[in-house]
2 protein chains.
Amino acid sequence: MERFTPRIRDVARIAGVSTATVSRALSKPDLVSAETLETVRAAVAETGYTINHAARNLRQQRTMGVVALVPNLANPFFSRILAGVSAVLTQAGYNLLVVDTAGPGVDPHIARTLDRSRADGLIVFDGLLPSEDLRPDPLRPPLVMACEWIEDLSAPRIRIDNEAGARLAVAHLAQLGHARIGHLPGPAANVLARARADGTRKELLAQGLPIRSDWFLPGDFSLDSGRRGARDWIAMQDRPTAMFCASDQMACGFIGEAQRRGFRVPQDVSVVGFDNIDLVDHITPALTTIRQPRWSIGEAAAQVLLSLMADAGAPPPDTVLPVELIIRHSSAAPGAG
Amino acid sequence: MERFTPRIRDVARIAGVSTATVSRALSKPDLVSAETLETVRAAVAETGYTINHAARNLRQQRTMGVVALVPNLANPFFSRILAGVSAVLTQAGYNLLVVDTAGPGVDPHIARTLDRSRADGLIVFDGLLPSEDLRPDPLRPPLVMACEWIEDLSAPRIRIDNEAGARLAVAHLAQLGHARIGHLPGPAANVLARARADGTRKELLAQGLPIRSDWFLPGDFSLDSGRRGARDWIAMQDRPTAMFCASDQMACGFIGEAQRRGFRVPQDVSVVGFDNIDLVDHITPALTTIRQPRWSIGEAAAQVLLSLMADAGAPPPDTVLPVELIIRHSSAAPGAG
DNA sequence: CTGCAAGCTGTAATCGATTTCAGGAACCTG
DNA sequence: CAGGTTCCTGAAATCGATTACAGCTTGCAG
């Protein structure tokens, strides 16, 4: 009565053929005669055989797995992106492994352990990983960088035009009539933060508006730093009338704190965010922001990686997805109302 | 000049020992003399040897991987849970694989393919998977259910007390003086939705308040169904003064739509949500809700699974984590203001 | 000095598939 | 009918580790 896991050789025995034939019947049916195929199918059904993936993987020298390296899995920003990645990978028969590169006690050189026996491909969402652990190397699986990137690492990038997004935001505020525009950037180490700050400066310049370093407050993308930003803003005697925040989280923190201190948004200060994360159209006032196509970013990253794994030919070095300004109610003409 | 991936036999050759010794030196150093250990270490360093996981997995008959079956990965509700899972698994040397059971074109019998050669354990977050695909079976890896569960499947459950959460919410509204309390539940097929609806009824009963079926509106957890709920609520001539929504998403949708139609929250209607997802303390009014300890749920699920995989002894059949009422500004005495 | 245990190491089997190579049968072709 | 294809199949090598088993040293007790 005890059960045991059937092996390919059990199927072969019952079907009266060799294991080679069973293997072919299952993975390359064209190579096998119709009649043998039928016999094998019957034997498979009878035994309830299922393939042992470890054995196949060893023989074929691949894992059918792709690792996504995510900085802080707890950040809901990544959920939709990972869903896009998952959809494409599943379709192609690959498994999605997720590694949180920012968990407590995570080895900073985690990427070093990701060789070809662990994954067939890597999607790197963390721009702060040491580049020497990811350098092209025959031992290392192909990789793409998505959202963030590592400056001195040559690999396909899937990203949005962060600079253009920032410029859209600033241009929007300028068009509303704001001449005093401040910026709450992300952490200086982060490439996205730098790109968005650069875009902010460029558009201010293009609009002929002042670029004042005291209006560039310290920020780190977090809700809390948004709150601190609001306090800093309040503390100034010579305040900007509009703030462009490099993340929606900060924008929410900023608005919440400003309101708590008795300021009205957008009457006293206009706020624009970045990302269009869930629910920001439900805060009051609904947040004007720059939308990132998160699902598409995930899809595109997976697709580029698949083509990279398939032929290793020259892949598109950069995929830049469009951003979009979404105007809601946190931005208005200065002094309005 | 061409590189090749070093094998254990290359290390053995260079160290002048057998592959068995190298294997032991690396995984059970106690069995090897100090001197040999040193030689092997040197040879490993010289060759840059790294283990081939596929080979080890085949031999040891395990994958060092755990699959999380998530209904709709795009739902940010799961991000913090997965982060908790990841933290515990990583610590224990396991990989986290994520499968979206609700993606377009996903095989509804996906769970059937998850045998021991694919994963050493399963964490099921989806209560709607067919139970026959998950029944205990020597071919199938051990499994735990988290958040949701499958009624007729016996497996450890890690969950919150949904009924108690619902009762907290209703009791809070009753205490504020509401006598006309409605409910916006999740989809009837969902166990969480049923548990929360049951809790709602029980507490209404306990408080001596009416349980009116016309005040139990149709809902499905989504933002949109929250909006529809608000429209349904508005359409009633005999409205409840408070609504308990079975998810924060619905609560946000409800509040947004109600406000858009000219009603004030909480003056015209009090709203309580469930989940305490990110940013609901930043909507206006800040949402009163039931907090789920999402990170802890993930951690606990991973821990129970690990112990299940380790000894297969009798595991704790149910882990119930505490919920907490978080009072913010979307609930107030009826007619206040 | 013999016998036995303890400690270390190597040989070879093993995990369970895929795939190369070779061979047999059937079918053409000239 | 000889020679060449084409089609199908099986034997055996292979992927790269772990580990059961056995053998060799060495040390110690009797």
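Residue numbering restarts at 1 for every chain, and letters A, B, ... go by the order of the sequence lines.
- For the pair A/Arg9 CZ and D/dG10 P, the interatomic distance rounds to 16 Å; values are reported in whole Å.
- In this structure, B/Arg13 pairs ionically with B/Asp10, as a charged nitrogen and a carboxylate oxygen lie closer than 4.0 Å.
- Atom-to-atom, CG of B/Leu58 to P of D/dT19 comes out at 12 Å; the value is rounded to the nearest Å.
- End-to-end axis angle of the helix from C/dC1-D/dG30 to C/dG30-D/dC1, using five pairs per end and rounding to 10°, comes to 50°.
- Of all nucleotides listed (C/dT19, C/dA17, C/dT9), C/dT19 comes nearest to the side chain of A/Gln60.
- For A/Arg24, taking side-chain heavy atoms from C-beta onward, the closest of the listed nucleotides C/dG10, C/dT20, C/dT18 is C/dT20.
- Listed candidates were C/dG10, D/dT9, D/dG16. Nearest to the side chain of A/Gln61 is D/dG16.
- Listed nucleotides: C/dT18, D/dT19, D/dA17. Nearest to the side chain of A/Ser23: C/dT18.
- The shortest distance between the side-chain N/O atoms of A/Ser18 and the OP1/OP2 oxygens of D/dA11 is not below 4.0 Å.
- Side-chain N/O atoms of A/Arg59 and base N/O atoms of D/dG16 include no donor-acceptor pair closer than 3.5 Å.
- In this structure, B/Tyr49 does not reach the D/dG16 phosphate: none of its side-chain N or O atoms is under 4.0 Å from OP1 or OP2.
- Taking a 4.0 Å limit (strictly below) on heavy-atom distances, residues 33-43 of chain A does not reach DNA chain C anywhere.
- Atom-to-atom, NE2 of B/His53 to C1' of D/dG16 comes out at 12 Å; the value is rounded to the nearest Å.
- Of the possible donor and acceptor atoms, one in the side chain of B/Arg116 sits under 3.5 Å from a partner among the backbone N and O of B/Arg140.
- Annotation: of the two residues near DNA chain D, A/Ala55 and B/Val22, the 5′-most nearest-nucleotide partner is A/Ala55.
- Considering CZ of B/Phe125 and OG1 of B/Thr101, their distance stands at 11.0 Å, rounded to 0.5 Å.
- Summarising the local packing, CD of B/Glu151 is surrounded by more than 12 heavy atoms from other residues, nucleotides or ligands at distances under 6.0 Å.
- Screening B/Ile123, B/Val124, B/Leu306 for a side chain to side chain contact (heavy atoms under 4.5 Å, CB included) involving B/Val144 leaves a single residue, B/Ile123.
- Between the CD atom of A/Glu148 and the CG atom of A/Leu128 there is a distance of 6.0 Å, given to the nearest 0.5 Å.
- One interatomic measurement links the two molecules: CZ of A/Arg56 to P of C/dT18, which rounds to 5 Å at whole-angstrom precision.
- Between the CG atom of A/Asp30 and the P atom of D/dT9 there is a distance of 13 Å, given to the nearest Å.
- An OP1 or OP2 oxygen of D/dT19 is reached within less than 4.0 angstrom by a side-chain nitrogen or oxygen of B/Lys28.
- Other residues, nucleotides and ligands contribute over 12 non-hydrogen atoms within 6.0 Å of the CZ atom of B/Arg135.
- In this structure, B/Asn52 CG and B/Arg56 CZ are separated by 10.0 Å, a value rounded to the nearest 0.5 Å.
- Between B/Asn57 atom CG and D/dA17 atom C1' there is a gap of 10 Å when expressed in whole angstrom units.
- Between B/Arg118 atom CZ and C/dG16 atom P the separation is 17 Å, expressed in whole Å.
- The CD1 atom of B/Ile51 sits 14 Å away from the C1' atom of D/dC15 (whole-angstrom rounding).
- When the nucleotides D/dT18, C/dG10, C/dA17 are ranked by their closest atom to the side chain of B/Ile8, D/dT18 comes out on top.
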